[in-house]
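To keep things clear, I will list the structure first and then write my remarks on it.
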Amino acid sequence: MSSSPQDTQSEKADPAGGAERAQTAQSGLSKGAQLTLGALLVAGLLAWYGYTNLGEGSSFTYYQTLDEFAAADVAAGGQALRVHGYVAMESIERDLEGRQVRFVVQNDPPHAAATTSESRLAVVYQSLETPDLFKDGAEVVVEGRLQQAGADRGTVFVADNVMAKCPSKFQAEANLQAEAEGAATAGSSQAM
Amino acid sequence: MSDIGLYSLRFALVVAAFGVAAGVAAGIQKRADWTQVAERCVLATFLFLSVAMGALFYALATNDFQIAYVMQHSARSMTLPFRLAALWGGQSGSLLLWGWMLSVFGCVTVLANRNQNRGLMPWVAAVLLANACFFLALLNFVTVPFDQVPVGRVLSDGNGLNPLLQHPLMTIHPLMLYTGFVGFVVPFAFAFAALVSGELGTTWFRTTRRTTLVAWSFLAYGLMLGGRWAYEVLGWGGYWAWDPVENAALMPWLAATAYLHSVMIQEKRDMLKIWNLVLVGLTYTLCLFGTFLTRSGVVQSVHSFTNSGWFGFIFLAYVAVIAGAFFAALFYRRNELRSPRKLESMVSREAGFLLNNWAFMALLVVVFWGTMLPVFSESISGQRTTVGPRFFNTLVGPIGLFLLFLTGVGPLIAWHRASLASIRKQFTVPALVGLTVGLVTAVALWGQIGFFTLSCWALGAFVVTTVGQEYTQAIRARMRLHAESPFRAVATLLEKNQRRYGGYVVHLGIVFMMIGFSGAFFNEELLENVNPGDSVSIHDYRLQYLTADPIPAQHYGGARARVALYREDEPVKMLLPEKRMYWLEQQPTSIPAIHSTLNEDIYLVLTAIEADGSATLKIYRNPLVNWIWLGGMVLVLGNILILWPHPARGSQSA
């Protein structure tokens, strides 16, 4: 649009514009102030809109490791949370009738040399739609709430979303030496 | 071979560092000979980096598993194209690609400016090479692509590339994205050079206009291909999850889009000079920041690379230094950049562009805040708070609609101050069309359609009509004044005013994409556990699960389900979703089957073959989703129209 003729013409016929400027100066409110006011108005509208539509608390969730979750002593029926951990070995049960998947999450990777945490969390995932990477030992983030399982059966984490990730494949070459040694000894560090 | 790569990286760093010094010296002393030295350093850096790229490609092609990078990201079982694409499958390789692309853009800039902008070029070369230096330092000392596996270990095969990335789209998506990211270094370097040298006129943005558009376009393609890849590969029925990695690429694009619009005000009206420089600085900073986000794992992301903390720290420090230097220079020149002109009326093209910029900045703030919230909230309260897609969709939706509205209004409204008569003349038809479409859909789909979807379609119709009206008015004028045929008139328009009329085509593409996004409102999904022979119905479709067969063994195995798709009991096609198992990587991957039409997609995922022989199927019906990719193609067409070289007008671009 560098050379549309009518624009260059109006560029020259600017006195009209100058008169306009004088006029606005008289009217008391500068264009800068008008712009600021407008921006504030728009920001305010958006904030109000966001507040009314997001206020239910369902869009903001805390993200915790399982240890942090355990330490926080969350009460059943509380707010939605995202908890990070690892799927405990051989804990996955697919319940086709009930259309849910039950598993246990632990804080440390199952194959970690030194396990420092005993935290475990029973999870009920309200769907059969588990991600591809979801399996024994997988790193997972479960999203949901802690709920009372039954009269005397303690609490269970009811998840409505499970995200799994594959640690070493997405990892950059963190420590070649360690990985190479691991591969040499275990021969299976390529798994996951 | 790896030694050749290693040494060329060394040489490249030395040459680039020397070039920075030469450029600065040339800039200060205004010496043409030193300027040439700096420029030749840019060319030499390109040569050395090309050799390094070639060496890594060669290592990947020849399965040289003694090189750690090849061992970690490639494998014999992968076909050659995927082995080569593994160059950007991991961290050091993709940093090498970054550096190499930077040098490509550097070369093009130097060659295009042999006979012009001699005052700016020493600084341009210095800025380009300073950025190259950082990536070269990383490649030489922190994350070296040519590192060998520990001595004494002989490896016959590698770990392979993540199966999710073994997809044709993933071989080009990073290239597109990086071309976009890196391309913005050119306007950034020119803006920086203008600030340092004090040549604050219009040269810096006029010279880089084409490069900026190229970078913007490729970033857009990168985003679209990423979405398409997610849709075809990740198997959750969607294309955009507001994942930090996606947001990282979206943010610079938002800033750049704002810049492309606001720079027109500076061209026409000599206003917003400081603001445009801010946007250029912001765009490039966000490009670096996006690379940092993807490469550092600072924000938890399901598909981000993770890394040790100090790589992230170095990278962030570099981003801070680059941005700090640029904005300090801008602050220093602020008084020379004040514009004598003021906005004359809120009802004018200028005001339209201003509103557009606010909207893009608002989008940027929303995306940035939502992406970084876990980091911010942890540093303030110790609790990581995260937001999900709902947060983004809720806030981005209305801003997007406002932008769609401006897309229709902006091009029709006059510069300076629009008169009531001209508004009536320009807007009567489009407004009527928009209102009609809105009313008709509201009546036809009463109770089934939300306010935002309705507004989106009405505004879409409004914008399409404005574009049509602009074209017809201009074509008629040419036919009358120059007695041209309609086709000849279109060709002349696109040649004489290519940014304007090409830009309209880009706008059309955006409208189509918005229509595609709005389709998500009608999405349906269904999860069913079925035995062979059972049927599942969704909308007016019926899916009958027949069998699951083993996939013929190759570097992956697994099961392929046969699901017959019927529409109103007419057979449509056989859907073959797969559940693959990549042996080497020990990673299961679902490959969805998609039946795609302009109306809707039926998207089928084989979630699991259960122990009892039944299959768990996830079925999505995604209306209008194809319009996104259609819009993408229109966008590409618009970009081609804008960038098509017309030699007669003389090229003034880098």
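In what follows, chains are A, B, ... by sequence order, proteins preceding strands, each numbered from 1. Heavy-atom basis, side chains included; hydrogens, waters and symmetry copies ignored.
With a threshold of 4.5 angstrom between heavy atoms, B/Thr616 approaches chain A through side-chain atoms but not through N, CA, C or O. Neither the backbone nor the side chain of B/Leu355 comes within less than 4.5 Å of any heavy atom in chain A. For B/Ser614, the part lying near chain A is the side chain, with the backbone staying farther off; criterion is any non-hydrogen pair under 4.5 Å. Contacts of B/Leu354 with chain A are made by side-chain atoms alone, with heavy-atom separations under 4.5 Å and no backbone atom involved. Of the atoms belonging to B/Pro588, heavy atoms from both backbone and side chain fall under 4.5 Å from chain A. Looking at B/Glu528, both its backbone and its side chain come within 4.5 Å of chain A, counting heavy atoms on both sides.
With sequence neighbours left out, B/Ile591 forms a side chain to side chain contact (heavy atoms under 4.5 Å, CB included) with B/Glu578, B/Arg580, B/Thr589.
Of all heavy-atom pairs spanning B/Val387 and A/Arg82, the tightest one is O-NH2, 4.5 Å. Scanning both residues, A/Leu96 and B/Asp612, for their nearest heavy atoms gives CD1-OD2, 3.5 Å.
For the atom pair CG of A/Leu128 and CG of B/Leu527, the computed distance is 5.5 Å after rounding to the nearest 0.5 Å. Taking CH2 of B/Trp236 as the start and CG of A/Asp132 as the end, the distance is 14.5 Å to the nearest 0.5 Å.
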Side chain to side chain contact (heavy atoms under 4.5 Å, CB included), that's the test. Do B/Gln587 and A/Lys135 meet it? Break it down for me. CA-CA 10 Å; B/Gln587 187 172 319; A/Lys135 61 178 179 182; over 6 Å; no

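At most 12 non-hydrogen atoms from other residues, nucleotides or ligands lie less than 6.0 angstrom from CD of A/Glu90.
Most heavy-atom pairs under 4.5 Å with chain A, from the set B/Val605, B/Thr385, B/Leu373: that is B/Thr385.
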